[in-house]
Amino acid sequence: VQLQASGGGLVQAGDSLRLSCATSAPPFSNYAMGWFRQAPGKEREFVAAIRRRVGTTYYADSVKGRFTISDNAKNTVYLQMNSLKPEDTALYYCAATGSYGLEWVAQRTSINAYDYWGQGTQVTVSS
């Protein structure tokens, strides 16, 4: 499975961005997809995830209500980011795993729960 993230950029606080993650995984495969981010000097942290076939979504508390993860039912997963804050500045990564059951649900916020990673796309939010 190959992942290609795009859509990052430099925006002002309060603006919106939409990140895209193009995947080679079959559209209706039982994959779980996630977005993580890593700011300079910090650990990579969970942002959002989706179980592609069933559409269940999960969010970090810090982005709940502002970010939305979605799937176009083809080969792309999106992260719509609204009301961006300077603290959202980070390198954003998309990730995927073919393990999407209860064990994955319990570990979904861990980088170890994902088998495939794309390159990062930089999001910078100025105040």
Side-chain angles (χ1 to χ4, degrees):
V1 175
Q2 294 182 335
L3 305 172
Q4 180 74 36
S6 62
L10 171 63
V11 297
Q12 294 186 330
D15 285 351
S16 298
L17 274 178
R18 187 175 77 163
L19 305 184
S20 300
C21 179
T23 171
S24 62
F28 296 104
S29 63
N30 297 329
Y31 272 80
M33 303 285 296
W35 285 96
F36 285 72
R37 65 187 182 186
Q38 188 167 16
K42 295 187 177 181
E43 293 186 351
R44 194 170 299 188
E45 66 173 3
F46 172 77
V47 176
I50 185 170
R51 297 170 74 186
R52 294 191 73 191
R53 192 165 68 94
V54 298
T56 309
T57 57
Y58 308 87
Y59 297 94
D61 288 342
S62 59
V63 306
K64 202 171 293 184
R66 299 188 298 123
F67 291 11
T68 302
I69 188 170
S70 63
D71 188 333
N72 71 349
K74 292 180 180 179
N75 67 340
T76 306
V77 174
Y78 301 101
L79 184 67
Q80 177 66 42
M81 306 186 295
N82 299 329
S83 302
L84 282 162
K85 304 175 180 180
E87 51 264 43
D88 294 319
T89 295
L91 194 57
Y92 282 71
Y93 297 90
C94 61
T97 178
S99 302
Y100 62 98
L102 294 179
E103 183 175 349
W104 172 81
V105 173
Q107 300 179 356
R108 66 190 183 275
T109 63
S110 169
I111 61 173
N112 296 319
Y114 299 83
D115 303 307
Y116 308 98
W117 290 84
Q119 90 294 354
T121 184
Q122 179 68 39
V123 173
T124 303
V125 185
S126 63
S127 57

Keeping [X] on the side-chain end and [Y] on the backbone end, is there a donor-acceptor pair under 3.5 Å?
{"X": "S83", "Y": "R66", "value": "no"}
{"X": "S24", "Y": "Q2", "value": "yes"}
{"X": "Y100", "Y": "M33", "value": "no"}

Shortest non-hydrogen contact between [X] and [Y], atoms and distance:
{"X": "A48", "Y": "L79", "value": "CB-CD1, 4.1 Å"}
{"X": "D71", "Y": "T76", "value": "OD1-O, 3.5 Å"}
{"X": "V1", "Y": "Y116", "value": "O-CD2, 3.7 Å"}
{"X": "V77", "Y": "I69", "value": "CG1-CG1, 3.8 Å"}
{"X": "A39", "Y": "A90", "value": "N-CB, 3.8 Å"}

Hydrophobic cluster identity match, V11 and V63, side-chain contacts under 4.5 Å: yes
Answer yes if M81 and Y78 sit in the same cluster of Ile, Leu, Val, Met, Phe, Trp and Tyr residues linked by side chain heavy atoms under 4.5 Å apart, and no otherwise. no
Go through the structure and list residues passing salt bridge (Lys or Arg N to Asp or Glu O under 4.0 Å) with [X], not counting sequence neighbours.
{"X": "K85", "value": "none"}
{"X": "E87", "value": "none"}
{"X": "R18", "value": "none"}

Distance check, rounded to the nearest 0.5 Å: F67 atom CZ versus L17 atom CG? 9.0 Å
Once side chain to side chain contact (heavy atoms under 4.5 Å, CB included) is applied, do any residues pair with [X], and if so which ones, sequence neighbours excluded?
{"X": "S110", "answer": "N112"}
{"X": "E43", "answer": "none"}
{"X": "A5", "answer": "W35, C94, Q119, T121"}
{"X": "N82", "answer": "S16, Q80"}

Please collect all disulfide bond (SG atoms under 2.5 Å apart) contacts where either partner lies in residues 45-90, sequence neighbours excluded, each pair once. none
If you measure only the distance, is there a donor-acceptor pair under 3.5 Å linking the side chains of R37 and Y92? yes
Remaining members of V105's ILVMFWY cluster at a side-chain heavy-atom cut-off under 4.5 Å? F36, F46, Y58, L91, Y93, W104, I111, Y114, W117
If you link ILVMFWY side chains whenever their heavy atoms are less than 4.5 Å apart, which other residues fall into the same cluster as V54? By chain and number, please. none
Go through the structure and list residues passing side-chain hydrogen bond (donor to acceptor under 3.5 Å, both in side chains) with Q38, not counting sequence neighbours. R44
Quick one: salt bridge (Lys or Arg N to Asp or Glu O under 4.0 Å) pairs with a partner in residues 94-119, sequence neighbours left out? none
